[in-house]
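Input: a single structure, listed below in structure tokens.
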Amino acid sequence: MSKPSVAELRPVVHPAGVKDRRSGEHWAGRLYMREISLRWTRHLVNTRVSPNQLTYLMVLAGVAAGAVLLVPGLVGAVLAALLIQLYLLLDCVDGEVARWRGQTSITGVYLDRVGHYLAEAALLVGFGVRAADVFGQHESSANWLWAFVGTVAALGAILIKAETDLVDVARARSGLAAVKDEAATPRSSGLAVARRAAAALKFHRLVGGVEASLLILAVAVLDLVDGGLFFTRLGVAVLAAIAVLQTLLHLVSILASSRLR
């Protein structure tokens with residue numbers, strides 16, 4: 001069986017709305033990864049590899065990104081950034097293969113969501129353990145406080161996703177349809193302005209996998225010049241603070257919107 005061309009794939013695997021979803025499509029997907037993924041998808045659609053197997057590989061790449069941060073210095077940060085890009089690629093490809101074959105499923109959606117939780121948590125925990133200097137590259141003994149701070153950041157990142165996902169859970173258990181994007185606007189005009197300001201600044205995105213991996217790479221470069229772990233530890237502290245603050249603000253935003261009505 002011949003491989004479909006990119007032109008044949010595009011209207012099927014990228015139906016209207018896929019790239020335009022405000023809360024469902026990552027900026028990197030819209031900017032470049034959806035075009036790269038099409039080139040991979042065309043080679044996979046006629047193989048025995050299932051969409052769920054691709055999702056498992058996505059999870060493995062994401063968790064491995066956190067694990068390689070135990071490699072000291074710039075090498076670990078570069079490997080983590082590359083693995084997160086592979087994670088993002090597989091996150092696109094699994095859905096594209098499923099849509100082309102007509103194999104979309106609730107199980108696939110569930111695995112995809114669990115994969116995001118695991119991968120982003122692993123990256124932030126790995127960042128914290130990296131800051132703890134477990135192998136004594138810069139200090140005589142590990143400072144486990146930083147591993148705890150990284151875990152706090154990971155917990156915040158998970159809770160932010162859970163707050164969003166639990167909206168649909170609450171609506172489904174109440175017999176309501178899935179929430180629409182316009183329902184996310186807070187009913188209070190003051191909160192609506194604050195939400196737009198936060199969305200414009202986009203600081204909350206730093207706890208996401210792609211953004212966090214780029215931050216980790218940037219602070220690794222700075223630490224290479226500085227010769228210590230100051231910037232890595234600063235980065236862990238910043239991400240933990242953002243995660244905690246965003247967890248609270250996101251909860252308030254949901255409760256003040258029409259998403260639960």
Side-chain angles (χ1 to χ4, degrees), residues 26-33 36 57-92 114-139 142-161 198 201-247 250:
H26 193 275
W27 61 265
R30 291 192 298 269
L31 184 63
Y32 63 89
M33 193 56 80
I36 296 174
L57 288 175
M58 177 198 82
V59 177
L60 181 61
V63 172
V68 298
L69 286 175
L70 295 181
V71 178
L74 190 59
V75 173
V78 170
L79 288 174
L82 291 175
L83 282 166
I84 286 296
Q85 290 299 310
L86 177 60
Y87 156 82
L88 179 62
L89 172 63
L90 291 167
D91 188 29
C92 293
V114 170
H116 289 302
Y117 280 54
L118 290 174
E120 296 191 8
L123 185 70
L124 293 172
V125 170
F127 192 25
V129 174
R130 179 183 178 87
D133 193 22
V134 292
F135 296 120
Q137 296 289 312
H138 301 278
E139 297 177 355
N143 188 338
W144 291 105
L145 172 64
W146 293 106
F148 171 76
V149 175
T151 303
V152 170
L155 179 60
I158 289 175
L159 286 174
I160 292 166
K161 289 184 176 299
L201 293 173
K202 301 186 188 309
F203 73 94
H204 59 285
R205 287 187 173 179
L206 284 174
V207 295
V210 174
E211 293 83 352
S213 70
L214 295 177
L215 175 66
I216 292 167
L217 181 58
V219 297
V221 172
L222 292 174
D223 278 337
L224 182 66
V225 175
D226 185 61
L229 286 172
F230 171 79
F231 291 103
T232 289
R233 289 174 172 176
L234 178 63
V236 172
V238 168
L239 292 188
I242 289 174
V244 171
L245 179 61
Q246 181 62 15
T247 299
H250 191 47

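Heavy atoms only: backbone and side chains are in, while hydrogens, waters and symmetry mates are out.
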Exercise: identify the closest heavy-atom pair between [X] and [Y]:
X: Trp144; Y: Val134; result: CH2-CG1, 3.3 Å
X: Ile158; Y: Ala121; result: CD1-CB, 3.6 Å
X: Leu124; Y: Ala157; result: CD1-CB, 3.7 Å
X: Ala243; Y: Gly156; result: CB-CA, 3.9 Å
X: Ala28; Y: Leu88; result: CB-CD2, 3.5 Å
X: Leu69; Y: Phe127; result: CD1-N, 3.5 Å

Determine whether [X] and [Y] make a side-chain contact, defined as any pair of heavy atoms from C-beta on separated by less than 4.5 Å.
X: Val244; Y: Val152; value: yes
X: Leu123; Y: Tyr87; value: no
X: Leu70; Y: Phe135; value: yes
X: Leu229; Y: Asn143; value: no
X: Met33; Y: Leu89; value: yes

Quick one: [atom1] on [X] to [atom2] on [Y], what's the gap to the nearest 0.5 Å?
X: Ile160; Y: Gln246; atom1: CD1; atom2: CD; value: 5.0 Å
X: Leu159; Y: His250; atom1: CG; atom2: NE2; value: 10.5 Å
X: Gln85; Y: Leu214; atom1: CD; atom2: CG; value: 7.0 Å
X: Leu79; Y: Leu86; atom1: CG; atom2: CG; value: 12.0 Å
X: Thr247; Y: Ile242; atom1: OG1; atom2: CD1; value: 11.5 Å

- Query: Could you give all pairs that pass the side chain to side chain donor-acceptor pair (under 3.5 Å) test and reach residues 209-221, with sequence neighbours left out?
  - Reply: His26-Glu211, Trp27-Glu211

- Message: If the condition is side-chain contact (heavy atoms from CB on, under 4.5 Å), which residues does Leu234 pass it with, not counting sequence neighbours?
- Response: Phe230, Val238

- Task: For atom OH of Tyr117, decide whether the heavy atoms of other residues, nucleotides or ligands shown that lie under 6.0 angstrom number more than 12.
- Result: yes

- Message: So, using side-chain hydrogen bond (donor to acceptor under 3.5 Å, both in side chains) as the criterion, who are the partners of Glu139 when residues are at least two apart?
- Response: Arg233

- Are the side chain of Arg130 and the backbone of Gly73 linked by a donor-acceptor contact shorter than 3.5 Å? yes

